[in-house]
2 protein chains.
Amino acid sequence: MSVTSSAKNKVSRTTVRDVARLAGVSVGTVSRVVNRVDNVTPLIRSRVEAAMISLNWKPSMLAQNMRDQSSRMVGFIFSDLDNPLFASMVKGAESVLTKAGYQLIVGSSNDSAEHERSLIELFGQRQADGLIFTMTDEGNPDVLASLSRASFPVVMIEREVTIPSSGKVVADHYEGTLQATRYLIGLGHRRIALITGGQNNFVGRARMRGFMQAHREHGLEPVLRLIRSDDRIADAAFGYRETQLLLSMNGRPTAILALGRKLLRGVLAACRATCTRIPEDISLIATNDSELAELVQPAVTVVRYSAFDLGSEAAHLLLHRLGAGNDWSPSTIVVPTEIVIRGSCAGPGQGSKGSAL
Amino acid sequence: MSVTSSAKNKVSRTTVRDVARLAGVSVGTVSRVVNRVDNVTPLIRSRVEAAMISLNWKPSMLAQNMRDQSSRMVGFIFSDLDNPLFASMVKGAESVLTKAGYQLIVGSSNDSAEHERSLIELFGQRQADGLIFTMTDEGNPDVLASLSRASFPVVMIEREVTIPSSGKVVADHYEGTLQATRYLIGLGHRRIALITGGQNNFVGRARMRGFMQAHREHGLEPVLRLIRSDDRIADAAFGYRETQLLLSMNGRPTAILALGRKLLRGVLAACRATCTRIPEDISLIATNDSELAELVQPAVTVVRYSAFDLGSEAAHLLLHRLGAGNDWSPSTIVVPTEIVIRGSCAGPGQGSKGSAL
DNA sequence: TTGTAAGCGTTATCAC
DNA sequence: GTGATAACGCTTACAA
């Protein structure tokens with residue numbers, strides 16, 4: 001066994017005690033000074049402050065947390081930071097939490113329920129004061145069980161899960177999809193395709209309802225074959241596959257509603273591959289504004305909402321809950337959606353030359 | 001003063017003591033069981049385990065941290081999560097840190113040195129075990145001072161700061177820019193514009209060196225007027241402004257190197273606004289691959305590197321440092337860059353019809 | 001093999 | 001107004 005000569009230089013942290021000794025007072029007094037509480041004689045106060053500065057001492061938050069059994073940290077579990085929606089939500093949450101003296105600890109689930117479960121347990125052991133959560137599968141019993149065992153309040157984003165003492169923040173996907181579909185119907189479209197994620201979470205269901213409602217309002221029947229919804233992840237590959245399939249149908253759609261952040265890339269790629277022109281051959285509406293939607297030609301009409309607001313509202317809700325203690329009832333905050341009209345939609349007649357099929 | 005009846009139901013946390021009592025053993029034994037250490041009689045062990053399960057007890061990490069003076073948390077300070085580069089870095093760092101039992105706590109600086117300073121102090125009070133950091137301004141003395149006062153090791157990403165016991169991870173921007181510039185020169189370009197961020201950090205400087213070196217190799221003199229570098233943030237607005245300026249010059253460039261994640265959007269917008277065609281009127285190379293670069297038409301040639309790797313390598317470096325203790329010397333990890341050729345570049349003659357100026 | 005107790009750094013309660 | 005001390009929940013010498 002080798003003994004390093006420098007092995008013993010473990011400089012132990014300076015503590016209240018050091019400050020107290022230097023200032024010639026007791027630890028209690030030092031504590032009262034930093035926490036600006038009680039009456040402390042100005043003379044003593046300044047002596048203590050001088051000592052604090054000269055030793056560069058700040059109270060250990062670990063010890064503070066230990067004492068009042070609260071870490072002043074909030075966990076945020078999301079599926080994937082590479083999705084700019086989640087990145088914005090985290091940014092939104094962080095911006096309000098740090099202002100309130102809380103720290104954000106993050107965890108990616110990568111859409112694994114098992115990861116979600118273990119992160120929840122972990123945050124519990126760390127005595128997180130709260131959790132902001134975008135559950136992958138709203139129905140997963142293991143995750144739900146962990147959640148209800150948890151000792152901290154939870155705010156869900158974009159999910160419709162009711163567990164005790166949890167609130168939720170959602171975007172108004174119903175309204176957004178309703179508007180988008182109405183717009184297409186108004187342009188004269190009757191065969192409108194819907195590509196969207198599955199019905200296993202709030203977002204997919206709300207969009208489906210909006211889509212249906214817009215048809216119903218106009219006395220139209222949605223074409224069921226044109227509804228491409230998957231219980232799995234709605235990624236670019238899914239968008240590509242489904243678009244190709246739709247374009248190759250006879251009785252193919254005259255418009256596509258691609259609702260899901262990652263779909264646009266796949267949809268555009270499939271249109272390119274099949275030489276399908278937008279909006280001449282097909283109209284397109286996507287969700288979640290992006291550089292891509294804005295700068296591709298033609299620019300793509302989108303249903304937009306603020307992911308940042310989803311995160312910041314979730315944080316506000318959680319803080320409110322933390323302040324209110326027990327007299328608090330779960331509530332829901334709805335973030336608005338809007339439709340941004342660009343050049344990717346036209347009437348269905350508008351030059352529908354035979355496709356390259 | 002109102003007294004809520006439920007005010008007293010502060011269910012105090014179950015502790016080792018509860019488990020010990022239930023199992024009929026001492027707290028030490030319980031601790032030895034959870035930490036799978038020492039010899040514990042199988043009989044006793046199983047009694048303890050049963051008690052743990054029935055009480056649903058897990059050791060409080062707060063107390064553990066308190067005891068061994070380590071929070072098993074690593075801080076990550078970046079400027080802005082809305083920049084997908086930072087999001088990927090965070091994802092990369094988080095993926096290796098959680099695997100090693102550390103938690104990531106995040107902080108946005110929004111490019112404010114003051115925020116950076118206070119986050120460093122905060123992480124110090126929280127007794128973070130380490131910090132991963134993308135400093136906004138490498139030269140800021142306040143931040144540097146906080147950093148050197150800090151009690152934890154630091155790994156810098158994309159910065160060239162040498163403080164004691166810090167390592168760094170950088171992408172090979174010199175090489176990437178060298179290759180890109182060589183490529184343009186090889187196509188026949190002689191008036192190449194460079195739009196890039198300032199020289200106040202490693203990235204800008206490395207790119208500038210690569211740009212210069214490629215010219216030197218070919219015995220060419222860079223056209224200084226065409227170098228648009230700013231000490232401030234290189235955002236889309238900057239890209240737009242500088243592109244317009246470049247396009248309106250006489251002796252205007254035949255190619256633009258837009259090096260900076262946010263520039264592309266502005267450059268493309270400016271080209272649109274001035275009806276400048278790519279690559280017929282001007283060739284373009286950007287940095288950091290994106291959906292936009294890939295799917296806009298023509299697709300844009302880019303210098304690419306993995307931001308995820310920057311983050312994960314930084315985490316590895318930090319973990320290595322944490323494991324190695326004192327016998328560790330600061331080191332640098334270089335992540336490779338590559339150039340992805342797409343359709344945005346052509347020879348300078350290639351149809352340079354008078355621009356729409 | 002197991003129990004006991006000190007100690008991690010703070011703050012709040014109680015004397016003085 | 002200030003000082004001493006218990007307590008937060010855990011781990012680890014050390015004692016038995």
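These numbers come from a predicted model, not from an experiment. Per chain, numbering begins at 1; letters A, B, ... match sequence-line order.
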Self-check item: salt_bridge(A:K91, B:D82) N-O dist < 4.0 Å
Solution: yes

Self-check item: B:T41 vs C:dT2: side-chain N/O to OP1/OP2 distance below 4.0 Å
Solution: yes

Exercise. Rounded to the nearest angstrom, tell me the gap between atom CD1 in B:I44 and atom C1' in C:dG3.
Key: 11 Å

Self-check item: Any B:T29 side-chain nitrogen or oxygen under 4.0 Å from OP1 or OP2 of C:dG3
Solution: yes

Self-check item: Whole-Å gap separating P (C:dT11) and CD (B:Q125)
Solution: 10 Å

Quiz item: Side chains of A:F308 and A:S95: does their closest heavy-atom pair fall under 4.5 Å?
Solution: yes

Quiz prompt | Protein-nucleotide distance (A:M52, atom CE; C:dG9, atom C1'), rounded to Å | solution = 15 Å

Quiz item: Are any non-hydrogen side-chain atoms of B:D137 and B:N201 less than 4.5 angstrom apart?
Solution: no

Quiz item: Taking CZ from A:R36 and C1' from C:dT10, how many angstroms apart are they, rounded to a whole number?
Solution: 17 Å

Quiz item: Between A:Q64 and C:dG9, is there a side-chain N or O to OP1/OP2 distance below 4.0 Å?
Solution: no

Report each atom pair, protein N/O against N/O of nucleotides 12-16 of chain C, whose distance is under 3.5 angstrom.
unit_1	atom_1	unit_2	atom_2	d
C:dA12	O4'	A:R67	NH2	3.1

Practice problem: Not counting sequence neighbours, which residues clear ring pair (Phe, Tyr, Trp, His ring centres under 6.0 Å) with A:F76? List them please. | Solution: A:F78

Quiz item: Are A:R47 and A:V40 close enough that some pair of their side-chain heavy atoms sits under 4.5 Å apart?
Solution: no

Exercise. Would you please confirm or rule out a distance under 4.0 Å between OP1 or OP2 of C:dG3 and any side-chain N or O of B:S26?
Key: yes

Practice problem: Determine the contact category for A:L62: base if any of its heavy atoms lies under 4.0 Å from a base atom, sugar-phosphate if only primed atoms, P, OP1 or OP2 are that close, otherwise nothing. | Solution: nothing

Practice problem: Identify the heavy atoms of B:L144 and B:E138 that sit nearest to each other, and give their distance. | Solution: CD1-O, 3.7 Å

Quiz item: Through what angle, rounded to 10 degrees, does the axis of the helix from C:dT1-D:dA16 to C:dC16-D:dG1 turn between its ends, using five pairs per end?
Solution: 50°

Exercise. Flag the pair B:R126 / B:M73 as yes when at least one side-chain heavy-atom distance between them is below 4.5 Å, and no otherwise.
Key: yes

Quiz item: Heavy-atom contacts under 4.0 Å between residues 16-24 of chain A and DNA chain C, which residues?
Solution: A:V16, A:R17

Please set out all donor-acceptor pairs under 3.5 angstrom arising from side-chain atoms of residues 49-58 of chain B, sequence neighbours excluded.
unit_1	atom_1	unit_2	atom_2	d
B:K58	NZ	A:E121	OE1	3.1

Quiz item: Does any non-hydrogen side-chain atom of B:F152 lie less than 4.5 Å from one of B:Q127?
Solution: no

Practice problem: Please tell me if the side chains of B:P59 and A:Q125 come closer than 4.5 Å, counting only heavy atoms from C-beta onward. | Solution: yes

Quiz item: Between B:Y102 and B:R72, is there a cation-pi geometry (under 6.0 Å to ring centre, at most 45° from the normal)?
Solution: yes

Self-check item: Value in whole Å for how far the C1' atom of C:dC8 lies from CE of B:M61
Solution: 17 Å

Quiz prompt | Euclidean distance, atom CD of residue B:Q127 to atom C1' of C:dG9 [Å, nearest integer] | solution = 9 Å

Self-check item: Euclidean distance, atom CG of residue B:L55 to atom C1' of D:dG9 [Å, nearest integer]
Solution: 15 Å

Self-check item: Any residue meeting side-chain contact (heavy atoms from CB on, under 4.5 Å) with B:T98, in chain and number order, not counting sequence neighbours
Solution: B:E94

Practice problem: Rounded to the nearest angstrom, tell me the gap between atom CG in B:N39 and atom P in C:dG3. | Solution: 14 Å

